[in-house]
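Below: the structure, in C-alpha cells.
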Amino acid sequence: MTQEQLQRLVALGVPINIPPKEKPIPQSIVTLIAFGDSLRATPRAWAQLDATERGFLELLLLPQPAFTEEQRAFVQKWWLLCGAETVAQINALLPANVRVATIEDVNGNQLLSCDLLSDSKAGQTYAAARGLIEGLTLVYRVVEDFPVVRNN
Amino acid sequence: MALPWQRRWRQVYDKDALAYFARVERVSSFNNAYGVEYTKKAISDFFVQGKDERWLSKVVEFYMFRGVSNLAGCLQKMIYHASAGPELANFNFVSGDYKSATEGIVVAQSDFSSGNDIATGFNEVLSHNQTVDGSAGWLRFYANASNGIHGCYVSTGSMVVGKRYRLRVKVYLPTGQASTSTLLLSVHGQPIVNTFLAKDEVQVFEATFVSTATTPNVYFMLRASFNPFVGANNPTEDVAFIKDFIFEDVTDSPGGLKGNGLTKYLTTGFNQNVLDKNNRGRFAYQNVRDETANACLGGSDVTLDNNLWALINNSSGEQSYWASDTSGGPFSGNKVPGFWHGISHENTAAKLFLNGVMQQNVAISEPTTQNVTDYVFGLNRAGTLTVPTTSRLAVAGITQAMSDTEVLAFYNATQKLMAKLGGAV
C-alpha cells in the first residue's frame with residue numbers, strides 16, 4: 001500500500017481508519033480501492049455490480065443501526081443519477097408519505113443520495129421502488145460539484 | 001380530585017397519547033429499550049402535564065423523532081392540526097438517519113438474576129433472586145439499622161469527566177414502606193434522583209448527567225426525610241428491590257433524526273395561514289446543532305429574505321427566529337444545542353427562547369401571513385427546499401403564542417420527556 005493509494009482511499013470516502021505506515025494493509029482494502037477507482041472511471045448501477053462489489057457497498061452502507069459519521073461522509077460522495085422521469089416513476093411506486101427528490105450538481109445532473117440503496121430491501125422504506133433504484137448509475141461527487149446555496 | 005385526562009390506575013394512558021400510540025403502532029412500534037410501557041408512560045405523562053399546566057392546547061403541531069423504533073414511526077405526528085393531517089411526508093430520509101434511544105456504550109449492567117453481581121453494600125442486607133410482582137431475579141436490600149450508614153453500592157465502572165452518562169434501573173418498593181421513604185441515587189455522592197416513590201408499583205428510573213468525577217460508584221439508598229432508615233433490620237420497612245441496571249455512556253447518543261444538509265427534509269402539510277401572524281411560534285429540540293446558516297423548519301411563499309417565518313440560523317450561524325416581512329427577528333449568540341422556541345406575540349414583536357430562557361425580545365416589521373406549507377430540516381421556499389440542515393432533531397413543531405411562563409413549562413416537560421427517551425441535552 002502506497003501513500004498515494006491511501007490518499008485515493010480517503011478521497012473515495014471509504015469509512016476506515018488509515019493504518020500507520022508500518023502496518024501492512026489488508027488485501028481487502030486494496031481491493032476496495034481498486035473497486036472505487038473502477039467505479040469512478042466507469043460508473044455503473046448496483047444492478048451491474050458483481051457479488052463482490054455489491055458486498056463492498058453493502059458493508060459501507062449498512063446502518064449500525066444508525067449511520068456512523070464515517071458512513072455519512074461516504075454517502076455524501078456517492079450519488080445516483082436520476083432523471084425527472086425516473087423520479088416520477090419511483091415516487092409512483094412508493095407509499096404516499098415517502099418520496100425521493102433530487103439535488104442538481106453544477107453540470108445540471110439530477111442526483112439522489114446513494115444511501116437509498118441501504119433502505120430498499122423487502123420491508124424497508126424504499127422497497128417498493130427497489131428495482132428502479134438499483135438501476136440508477138452510481139457517480140462520485142465532491143462538495144465542489146454542487147452549487148453554493150444562498151443562505152439568507 | 002383527578003381531572004378526567006389523568007391516569008387513574010396503572011397502565012392507563014392519556015387519551016390523546018393513546019391516539020398517538022395507535023397511529024404509530026399502525027406502521028411501527030415503540031422503543032423497547034426498557035419496555036414499551038415505559039416509553040408510553042413517559043409520553044402520556046407529557047400530555048397529562050401539558051393539560052394540567054394548560055399549555056398543551058397551544059401546541060399546534062408536535063413532530064416526535066424519539067421513542068419510536070424506526071423511521072416510519074417518526075413520520076407520525078404526536079400532535080397535529082386537523083388541516084395538516086397526522087403524518088409527515090419523508091423526502092429522502094433512510095433508516096440509517098434515525099438513531100433510537102437504545103444506543104449508548106454500556107459501561108456496566110446487571111439484571112441481578114444470578115446473584116448480587118455488581119452490587120455490594122455497607123451495613124445492609126442484600127438478597128438476590130427475589131420475586132416481585134410475579135417476576136423473579138430482583139435484588140432486595142434493606143438497612144441493618146444497628147450501623148449508622150447504609151447503602152446499596154453498585155459499581156458503574158470507570159467514568160470520564162465531562163462525558164454524559166445515562167443510568168436506568170427498575171425499582172420496586174413494597175407496600176410496607178414508611179411514607180417518608182425516598183429513593184436516592186447518587187454518583188460519587190452527588191444526588192441525581194431523590195424522590196418519594198409510589199408503593200407496590202414497578203417503576204423505571206432514569207437519569208442522564210455529565211460526569212464531574214471518575215469515581216465509579218452509584219449508591220442506592222432509602223431514607224426518611226431526616227432520619228435515614230426508620231426500619232430496623234426489617235425487610236418490610238426501608239426495603240427496596242432493584243433489577244435491570246444499565247449504566248451507559250451516551251455522550252454521542254441522544255436519539256433523533258439527522259438531516260444531511262443537502263437533500264433530506266420532511267413536509268408537514270401545515271399551511272402558515274392557519275395561524276394569526278401575531279399568535280404563533282416554532283420550536284426545535286436540537287441534539288446536534290448545525291452551526292452553518294441553515295434552518296430547522298419554516299417556509300416562505302416568495303424569496304428567502306421576505307415573508308419568511310422560520311427557525312433559522314443567520315449567516316453567522318446564530319440561532320434566529322425570523323418572524324417578519326423583512327427585518328428578521330430575535331436571535332441569540334448561544335450557538336449550542338438545546339430547545340429553541342420562537343414566539344410571535346404581537347404584530348410587531350417576537351421573542352426567542354433557549355431552554356425556556358428568553359434570549360431576545362425585539363420589535364419587527366409587520367409580518368405577512370403566507371400561503372405556504374412548512375418543511376422540517378430546511379425551508380420551503382415557494383416549493384423548493386432551501387438551507388437544509390445537518391442538525392439532529394429530537395422534536396420540532398409549531399405553537400400558538402405562549403407566555404414566558406408557558407414557554408418555560410413547555411420546555412421543562414419536553415426536557416423531562418427527552419431525558420426519559422434517550423437523554424436530554
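Labels below follow one simple rule: chain letters A, B, ... track the order of the sequence lines, proteins then strands, and each chain is numbered from 1.
Using a 4.5 Å heavy-atom cutoff, the side chains of Asn97(A) and Phe91(B) are not in contact. Between Asn260(B) and Phe67(A) the shortest side-chain heavy-atom distance does not fall below 4.5 Å.
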Checking side chain to side chain contact (heavy atoms under 4.5 Å, CB included) for the pair Asp97(B)/Arg72(A): CA distance, chi angles, key distance, verdict? CA-CA 9 Å; Asp97(B) 296 318; Arg72(A) 290 187 177 283; 3.3 Å; yes

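When all heavy atoms of Ser95(B) and Pro63(A) are compared, the pair lying nearest together is OG-CG, 4.2 Å. The minimum heavy-atom distance linking Val94(B) with Asp115(A) is given by the pair CG1-O, 3.5 Å. Across all non-hydrogen atoms, the minimal contact from Ala66(A) to Tyr98(B) is CB-O, 3.6 Å.
For the atom pair CG of Leu112(A) and CG of Asn92(B), the computed distance is 6.5 Å after rounding to the nearest 0.5 Å. Summarising the geometry, atom CD belonging to Gln76(A) is positioned 8.5 Å from atom OG1 belonging to Thr390(B); distances are rounded to the nearest 0.5 Å. Thr263(B) contributes atom OG1, which lies 8.5 Å from atom CZ of Phe146(A) (distance to the nearest 0.5 angstrom).
For Leu88(B), the part sitting under 4.5 Å from any heavy atom of chain A is the backbone (N, CA, C, O) and nothing else. With a threshold of 4.5 angstrom between heavy atoms, Leu71(B) approaches chain A through side-chain atoms but not through N, CA, C or O.
Each of Leu75(B), Asn90(B), Asn70(B) was compared with Thr125(A) under the side-chain contact (heavy atoms from CB on, under 4.5 Å) criterion, and only Asn90(B) meets it.
For NZ of Lys121(A), the number of neighbouring non-hydrogen atoms (other residues, nucleotides, ligands) closer than 6.0 Å is 12 at most.
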